[in-house]
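These notes concern the structure reproduced below.
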Amino acid sequence: MPTLDCAACALKLEKLINKQPDVISASISYATKTLKLTAEDPDSLIPELTEKCNEIESPTVIQKPHAKLEENSSHGILDWIKQDKVQLGIGGIIFGAGMILNYNLINLPVTSGNH
């Protein structure tokens with residue numbers, strides 16, 4: 001739901017969607033702008049739900065999620081680096097290296113140029 005612009009709107013739309021007859025449950029996350037929809041055939045409900053939502057909060061766009069990449073598909077190095085866990089790990093390594101260098105440089109003995 002890329003058009004969500006406030007948390008109150010997300011809550012209002014979530015309540016509306018949950019009232020629809022074929023919907024088992026629905027939850028909207030404003031932070032991630034996503035709708036988690038449980039229904040017998042959720043894909044078939046998207047046009048109807050979009051229309052209902054647009055009656056009270058326009059423009060509302062409900063998109064199906066992008067297909068997830070298969071586990072065995074080959075990824076480029078840039079795709080791998082863009083993953084949150086990888087970025088967090090790289091950041092941790094850099095932070096740790098900085099702490100070690102900082103500690104070692106602070107505790108080095110000071111020598112004068114005279115022998």
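This is a predicted model, so every value here is computed, not measured. Values reported hereafter were calculated over all heavy atoms of this structure, with side chains retained and with hydrogens, waters and symmetry mates removed.
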About how many Å separate [atom2] of [Y] and [atom1] of [X], when rounded to the nearest 0.5 Å?
X	Y	atom1	atom2	answer
Ser27	Lys36	OG	NZ	6.0 Å
Leu37	Ser25	CG	OG	7.5 Å
Ile62	Leu45	CD1	CG	9.5 Å
Ile100	Asn102	CD1	CG	11.0 Å
Leu13	Leu35	CG	CG	9.5 Å

For the pair Thr60 and Glu57, evaluate side-chain contact (heavy atoms from CB on, under 4.5 Å) and give the outcome as yes or no after the intermediate values.
-> CA-CA 6 Å; Thr60 298; Glu57 197 63 47; 4.0 Å; yes
On a heavy-atom basis, the closest approach of Tyr30 and Ala10 is CB-CB, 4.1 Å
Same cluster (ILVMFWY, side-chain, under 4.5 Å), Leu11 and Val23 | no
Do the side chains of Ile93 and Leu101 join up, straight or via other hydrophobic residues, at under 4.5 Å, putting them in one cluster?
-> no
Identify each donor-acceptor pair in which a side-chain atom of residues 14-21 lies under 3.5 Å from a protein atom, sequence neighbours left out, and give them as a table.
| residue | atom | partner | partner atom | Å |
| --- | --- | --- | --- | --- |
| Glu14 | OE1 | Ile28 | N | 2.7 |
| Asn18 | OD1 | Ala26 | N | 2.8 |
| Asn18 | ND2 | Glu14 | O | 3.1 |
| Asn18 | ND2 | Ala26 | O | 2.8 |
| Gln20 | NE2 | Leu16 | O | 3.0 |

Scan residues 39-53 for pairs that pass side chain to side chain donor-acceptor pair (under 3.5 Å), counting only residues two or more places apart or in two chains.
-> Asp41-Ser44
